[in-house]
Amino acid sequence: MNEQDQLHMRTAIAASRQARERGDMPFGAVLAAPDGRALMTAMNNQVTTRDCTGHAELVLVREAQRTLGDAALAGATVYASGEPCAMCSGAMFWAGITRVVYAASTPEIDAALGGASLGARCADVLARAAPVVSVEGPLLGAEAVAVLQDKG
């Protein structure tokens, strides 16, 4: 991974901090075009919208599709402060995203937050996807975990 990957991930982690500060679960995500340009940032909104599907990655996909169109998602990368769950992994696949980079891993999220967990790993969910979706991480995991633990 390169400096651009780190920059986008730090933006996703900053969004996770903002989500926590407004009372939502501490997760953020960034959509980057195939050429690396950041297109959009989103954060979890489960609490503030009273929507259990308001995970950062799903909020990002919905907003990007609505405002930027389908073409913006095709071949794009999502940077997620936490490893995407099965629901978000599926949504990103159906949106045409071809690369996912995450910071905190599912086991780290479970250890930091406790509570309910599907336990499914993003790479496992997308392992047989066609077309292929690349899943990479953790990247800057300690920074994301610090936010989960309310230390960042």
Side-chain angles (χ1 to χ4, degrees), residues 1-33 36-73 76-123 125-126 133 135-152:
M1 291 190 240
N2 59 39
E3 287 183 32
Q4 189 173 53
D5 291 327
Q6 291 182 13
L7 175 68
H8 293 324
M9 186 59 75
R10 285 204 166 95
T11 302
I13 293 169
S16 74
R17 192 175 299 110
Q18 290 176 315
R20 184 192 68 212
E21 289 168 358
R22 74 176 187 191
D24 283 302
M25 295 298 289
F27 297 99
V30 171
L31 177 69
R37 290 175 300 115
L39 300 174
M40 183 173 287
T41 302
M43 59 187 112
N44 185 293
N45 66 15
Q46 286 175 285
V47 175
T48 54
T49 63
R50 298 182 60 137
D51 177 2
C52 65
T53 68
H55 294 196
E57 303 90 341
L58 200 50
V59 172
L60 185 71
V61 166
R62 286 176 179 153
E63 184 66 19
Q65 189 171 34
R66 192 181 70 218
T67 62
L68 303 175
D70 295 340
L73 294 161
T77 296
V78 169
Y79 295 86
S81 67
E83 184 173 359
C85 72
M87 173 183 70
C88 294
S89 298
M92 290 185 293
F93 169 78
W94 292 115
I97 290 160
T98 57
R99 182 175 179 234
V100 177
V101 181
Y102 66 87
S105 69
T106 297
E108 290 171 322
I109 295 167
D110 292 347
L113 298 179
S117 172
L118 287 174
R121 304 294 304 266
C122 182
V125 173
L126 296 171
V133 178
V135 179
E136 303 170 34
L139 171 64
L140 306 176
E143 293 179 29
V145 170
V147 176
L148 296 173
Q149 295 172 332
D150 201 12
K151 297 178 184 174

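These values consider heavy atoms only, across backbone and side chains, with no hydrogens, waters or symmetry-generated copies.
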Hey, is the main chain of G28 close enough, under 3.5 Å, to the side chain of S81 for a donor-acceptor pair?
yes
About how many Å separate CD of Q4 and CE of M9, when rounded to the nearest 0.5 Å?
12.5 Å
Minimal heavy-atom distance between L73 and A95, with the atoms involved, is CB-O, 3.4 Å
Distance-only, no hydrogens or angles: does the R22 side chain make a donor-acceptor pair with backbone N or O of T48 under 3.5 Å?
no
Looking only at heavy atoms, which two atoms of A42 and A56 are closest? And how far apart?
CB-O, 3.8 Å
Non-neighbouring partners of R66 that pass salt bridge (Lys or Arg N to Asp or Glu O under 4.0 Å), sequence neighbours left out
E63
Counting C-beta onward and ignoring hydrogens, is there a side-chain heavy-atom pair between V125 and F93 closer than 4.5 Å?
no
Within the structure provided, determine whether D24 and M43 are in side-chain contact (heavy-atom separation under 4.5 Å).
no
At their closest point, which heavy atom of V30 faces which heavy atom of A12, and how far apart are they?
CG2-N, 3.6 Å
Let me see the working for V100 and V133 under side-chain contact (heavy atoms from CB on, under 4.5 Å), right down to the final yes or no.
CA-CA 7 Å; V100 177; V133 178; 4.0 Å; yes
List for me each residue that meets side chain to side chain contact (heavy atoms under 4.5 Å, CB included) alongside C88, sequence neighbours excluded, and say none if there are none.
H55, E57, L58, P84, C85
State, to 0.1 Å, how close S16 and V147 come at their nearest heavy-atom pair, and which atoms those are.
OG-CG1, 3.4 Å
Which pairs pass side-chain hydrogen bond (donor to acceptor under 3.5 Å, both in side chains) with one or both residues in residues 84-97, sequence neighbours excluded?
none
Partners passing ring-ring contact (aromatic ring centres under 6.0 Å, His included) against Y79 (at least two apart in sequence or in another chain):
H8
Any residue meeting salt bridge (Lys or Arg N to Asp or Glu O under 4.0 Å) with D51, in chain and number order, not counting sequence neighbours
R62
When rounded to the nearest 0.5 angstrom, what is the spacing between CE in M92 and CG in L60?
9.0 Å
Heavy-atom distance under 4.5 Å between the side chains of V78 and R99, does that happen here?
no
Does S105 have any side-chain hydrogen bond (donor to acceptor under 3.5 Å, both in side chains) partners at least two apart in sequence or in another chain, and if so, which?
E108
Going from CD1 on I13 to CG on L139, what distance comes out if it is rounded to the nearest 0.5 angstrom?
7.5 Å
Listed by chain and number, what are the side chain to side chain contact (heavy atoms under 4.5 Å, CB included) partners of L39, not counting sequence neighbours?
L31, A33, R37, L68, A72
Report yes if the side chains of V59 and T53 come closer than 4.5 Å at any heavy-atom pair, otherwise no.
no
What distance do I97 atom CD1 and T77 atom OG1 have between them, rounded to the nearest 0.5 Å?
8.5 Å
Please examine the side chains of T67 and M40, heavy atoms only from C-beta on, and report whether any two atoms are closer than 4.5 Å.
yes
If you define the side chain from C-beta out and look only at heavy atoms, does anything of M25 sit under 4.5 Å from L113?
yes
Contacts of R121 meeting salt bridge (Lys or Arg N to Asp or Glu O under 4.0 Å) (sequence neighbours excluded), chain-then-number -> E83
Going by heavy atoms in the side chains, are Q149 and V145 under 4.5 Å from each other?
yes
Do N44 and Q46 have side-chain atoms, one donor and one acceptor, less than 3.5 Å apart?
yes
Quick check for you: to the nearest 0.5 Å, what is the distance between D150 atom CG and R20 atom CZ?
4.0 Å
Once side-chain hydrogen bond (donor to acceptor under 3.5 Å, both in side chains) is applied, do any residues pair with Q65, and if so which ones, sequence neighbours excluded?
D70
